[in-house]
Every structure is written in C-alpha cells, then in structure tokens.
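Hydrogens, waters and symmetry mates play no part in the numbers below; they use all other heavy atoms, side chains included.
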Amino acid sequence: INVKKPRIYVKRKTRYGKAMEIKQKFVYTIGGISAKKIAYFVEASRTKTNSIFNSLLYKIETRLDVILYRINIVQSPFYIKKLLKFGYIEVDEDPVYSYNYSVPYASKVDVKLPIYAIKRYQHEFEVVLRRKLVFIPFTEYLEISYATFRSIMYTLPDDDTTFYPFDFKPNYFFRLY
C-alpha cells in the first residue's frame, strides 16, 4: 500500500508576531510598567530630534521603579511601590515617594529597609542568589552594591550600555506603536 505521509506545517511568526514577542519580553524585563505607559513613552520619544530609541531608553531606564527592579533587591514591583510609599527609598539622601520619579545623572539610590524587614529581605535575597533564580543584569550605566543596597547611575543609558536578555530589535518594537 502506497500511503503518503501527512504534511507537517510549521507555523511561522509574522512581523506582528515577532514584534509582540519582543514587546512582551521588554515589558517583563523592565517589570511593572504597563504596555499603555510604554506606548505613551514611545509617542513622547518620537517628538525628539535625536534617536527615538535612545530617548525611549532614557525615559524608561531612569525611572526609579525600573532601577530598583533591575538591582534585584526586591523581587516584585508591588513591594517596590510599597517601600516607596512609606519613604524607605532615598535618592541622594532625600526620601522619594513617587515610583515614576526620574533619577538624575550621577545620583545615589539607597534602599533603607525597615528594621523589622532587613533580615527577611536579606534572607530572601541570599536564597534567591543561592538558587540562581535571580537574573542580575549587567548594565554599564549602573553601579550596584548589595552590601549597602545602593545603586549609582554614573552614565546615561543608551542602546550600547543597556543589556536585555533577549535579542531586542527596535525596528520590530516600534512597529507596534
């Protein structure tokens, strides 16, 4: 008996599918910023005369909640907002209460954990590091000290100094907006 094998179709991603995948990875990596807010940042960065991508990165990567999420002291955007609400986050030794605060160039961001929570956060952080569940992004514009829970932004973020754990293609990303 001559039987033909069934044809196997490989589903290929369209340009829109690739763009959506990059957008979802980008939103997950920066943590806590909604897609609607990113659309607002994209529209605002299109009005700039220099590189659209660099101005978008500057707007997103200088936000206080993104910096705190990237240094991995607190694992959840919810807890970051809670610490900000109670004034445990300081920028240049001044307490900051707004999570969308834009951190200026060459500023020190300190996380002053409450006394009752220091041991818990340190223990959680050590367990996560031991299990290698944390992704510590190497960004060339941030200097991070886990002993003092401090981060210093010493250069401005751009496409060369910002690291994303996936192949970030701006041309696919900007197709959606």
State the [atom1]-[atom2] distance between [X] and [Y], to the nearest 0.5 angstrom.
{"X": "Ile60", "Y": "Phe41", "atom1": "CD1", "atom2": "CZ", "value": "6.0 Å"}
{"X": "Ile38", "Y": "Phe26", "atom1": "CD1", "atom2": "CZ", "value": "5.5 Å"}
{"X": "Tyr101", "Y": "Thr62", "atom1": "OH", "atom2": "OG1", "value": "10.5 Å"}
{"X": "Lys85", "Y": "Ile80", "atom1": "NZ", "atom2": "CD1", "value": "15.5 Å"}
{"X": "Asp94", "Y": "Ile89", "atom1": "CG", "atom2": "CD1", "value": "13.5 Å"}
{"X": "Tyr58", "Y": "Tyr105", "atom1": "OH", "atom2": "OH", "value": "11.0 Å"}

### Query
Who pairs with Lys13 by salt bridge (Lys or Arg N to Asp or Glu O under 4.0 Å), at least two apart in sequence or on another chain?
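Scan of Lys13 (salt bridge (Lys or Arg N to Asp or Glu O under 4.0 Å), adjacent residues dropped) gives Glu21.
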Checking [X] now: which residues fulfil side chain to side chain contact (heavy atoms under 4.5 Å, CB included) with it, not counting sequence neighbours?
{"X": "Arg15", "answer": "Tyr172, Arg175"}
{"X": "Tyr16", "answer": "Thr14, Met20, Leu176"}
{"X": "Tyr99", "answer": "Arg63, Asp65, Lys81, Leu84"}
{"X": "Tyr97", "answer": "Pro95"}

### Message
Between Asp92 (side chain only) and Ser107 (backbone N and O only), is there a donor and an acceptor less than 3.5 Å apart?
### Response
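Not confirmed, Asp92 side chain does not pair with Ser107 backbone.
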### Which atom of Ser45 lies closest to which atom of Lys59, heavy atoms considered
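Of all heavy-atom pairs spanning Ser45 and Lys59, the closest is N-CE, 4.4 Å.
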### Message
Evaluate Leu64 against Asn100 for side chain to side chain contact (heavy atoms under 4.5 Å, CB included), listing each step before the verdict.
### Response
CA-CA 6 Å; Leu64 184 59; Asn100 59 359; over 6 Å; no
